[in-house]
Amino acid sequence: MAQVFIGIGSSINKRINVCLGLESLQAEFGDLKVSPLYESEAVGFSGVNFYNLVVELQSDLDVHSLIVKLKAIERKHGRIDNAIKFAPRTLDLDLLLYDQQIDVEIDLPRGEITRNAFVLKPLAELAPLLIHPALGKTYQKLWQDYPKDKQKLWRVEDIL
């Protein structure tokens with residue numbers, strides 16, 4: 001079984017879609033460990049705020065089959081294939097980590113981990129002592145070193 005971390009985001013009916021995304025992941029993979037929920041400004045475009053969080057799960061799927069499964073869950077909840085990258089969305093499920101695998105072709109570990117507060121902060125809270133496979137630092141340390149004025153991020157009271 002692989003240890004997997006997935007970033008979840010939504011800006012359209014975000015409360016509902018985050019909950020539906022979590023329900024779908026739990027139905028497919030069983031128990032989930034869930035980070036706190038955060039709200040952040042849109043990155044890369046002007047738009048409404050997003051809800052974001054990170055989940056940890058165990059999967060016996062290989063990495064490519066897992067990606068296919070995540071895309072199917074996104075489509076089930078209204079995500080359009082080949083939609084504009086920087087645009088509002090119903091549900092975004094991004095594979096952040098698959099064990100300690102490094103694969104540049106499929107962006108593992110996902111580059112957004114160190115670029116976006118809305119990924120790094122919840123990941124650091126969920127797995128503070130886990131070590132980034134390429135950088136050799138814990139996620140807690142990466143968050144400590146992150147420039148906090150770079151992106152605005154607010155913790156949302158638990159809705160889950």
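All values reported here derive from a predicted model rather than from experimental measurement.
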Using every non-hydrogen atom in the two residues, find where [X] and [Y] come nearest and quote the distance to one decimal.
X    : Y    : answer
R110 : D94  : NH2-OD1, 3.4 Å
I102 : P109 : CG1-CD, 4.1 Å
Y146 : A117 : OH-N, 3.2 Å
P133 : Q100 : CB-O, 3.4 Å

Results of salt bridge (charged side-chain N to carboxylate O under 4.0 Å, His left out) for K141 - residues two or more places apart only: D145

query: In terms of hydrophobic clusters joined by side-chain contacts under 4.5 Å, are I131 and L123 together?
result: no

task: Consider only side-chain heavy atoms of I, L, V, M, F, W and Y, link residues closer than 4.5 Å, and tell whether Y51 and I12 are in one cluster.
output: no

Could you tell me the separation between the [atom1] atom of [X] and the [atom2] atom of [Y], rounded to the nearest 0.5 Å?
X    : Y    : atom1 : atom2 : value
L61  : L70  : CG    : CG    : 9.0 Å
L91  : K76  : CG    : NZ    : 10.5 Å
I113 : L97  : CD1   : CG    : 4.0 Å
N52  : N116 : CG    : CG    : 8.5 Å
L22  : L32  : CG    : CG    : 6.5 Å
E56  : F5   : CD    : CZ    : 3.5 Å

message: If you count heavy atoms of other groups shown closer than 6.0 angstrom to NZ of K150, is the number above 12?
response: yes

Given side chains that start at C-beta, do those of [X] and [Y] come closer than 4.5 Å, heavy atoms only?
X    : Y    : value
V18  : I16  : no
Q151 : F118 : yes
K71  : V68  : no
E41  : W154 : yes
V119 : T114 : no
D99  : V4   : no
Y98  : L66  : yes
K152 : S40  : no

- request: Begin with the C-alpha distance, continue with both residues' side-chain angles, and end with the deciding distance and a verdict on side chain to side chain contact (heavy atoms under 4.5 Å, CB included) for Q140 and L129.
  value: CA-CA 6 Å; Q140 182 177 49; L129 302 179; 3.7 Å; yes

With distance as the sole test, does [X] use its side chain to make a donor-acceptor pair with the main-chain N or O of [Y] at under 3.5 Å?
X    : Y    : value
Y38  : L53  : no
D103 : E105 : yes
S11  : F50  : no
T138 : L130 : no

message: Checking N49 now: which residues fulfil side-chain hydrogen bond (donor to acceptor under 3.5 Å, both in side chains) with it, not counting sequence neighbours?
response: E39

task: With sequence neighbours excluded, tell me which residues meet side-chain hydrogen bond (donor to acceptor under 3.5 Å, both in side chains) with D62.
output: S65

- request: Please lay out, stage by stage, how V55 and I8 fare under the test side chain to side chain contact (heavy atoms under 4.5 Å, CB included).
  value: CA-CA 8 Å; V55 298; I8 300 175; 3.8 Å; yes

field: Geometric cation-pi criterion K148 and W143, 6.0 Å radius, 45° cone
entry: yes

message: Quick test of your reading: applying salt bridge (Lys or Arg N to Asp or Glu O under 4.0 Å), list the pairs with at least one residue in residues 123-135, sequence neighbours left out, ordered by first then second residue.
response: K121-E125

Pairs where residues 28-38 contributes a residue and the test salt bridge (Lys or Arg N to Asp or Glu O under 4.0 Å) is met, not counting sequence neighbours: E28-K69

query: Can we say E112 and R115 salt-bridge, meaning some charged N sits less than 4.0 Å from an Asp/Glu carboxylate O?
result: no

task: Dump the intermediate steps for side chain to side chain contact (heavy atoms under 4.5 Å, CB included) on L96 and I6, then the final yes or no.
output: CA-CA 5 Å; L96 304 174; I6 297 168; 5.8 Å; no

- request: Could you pull out all residues at least two apart from Y139 that satisfy ring pair (Phe, Tyr, Trp, His ring centres under 6.0 Å)?
  value: H132

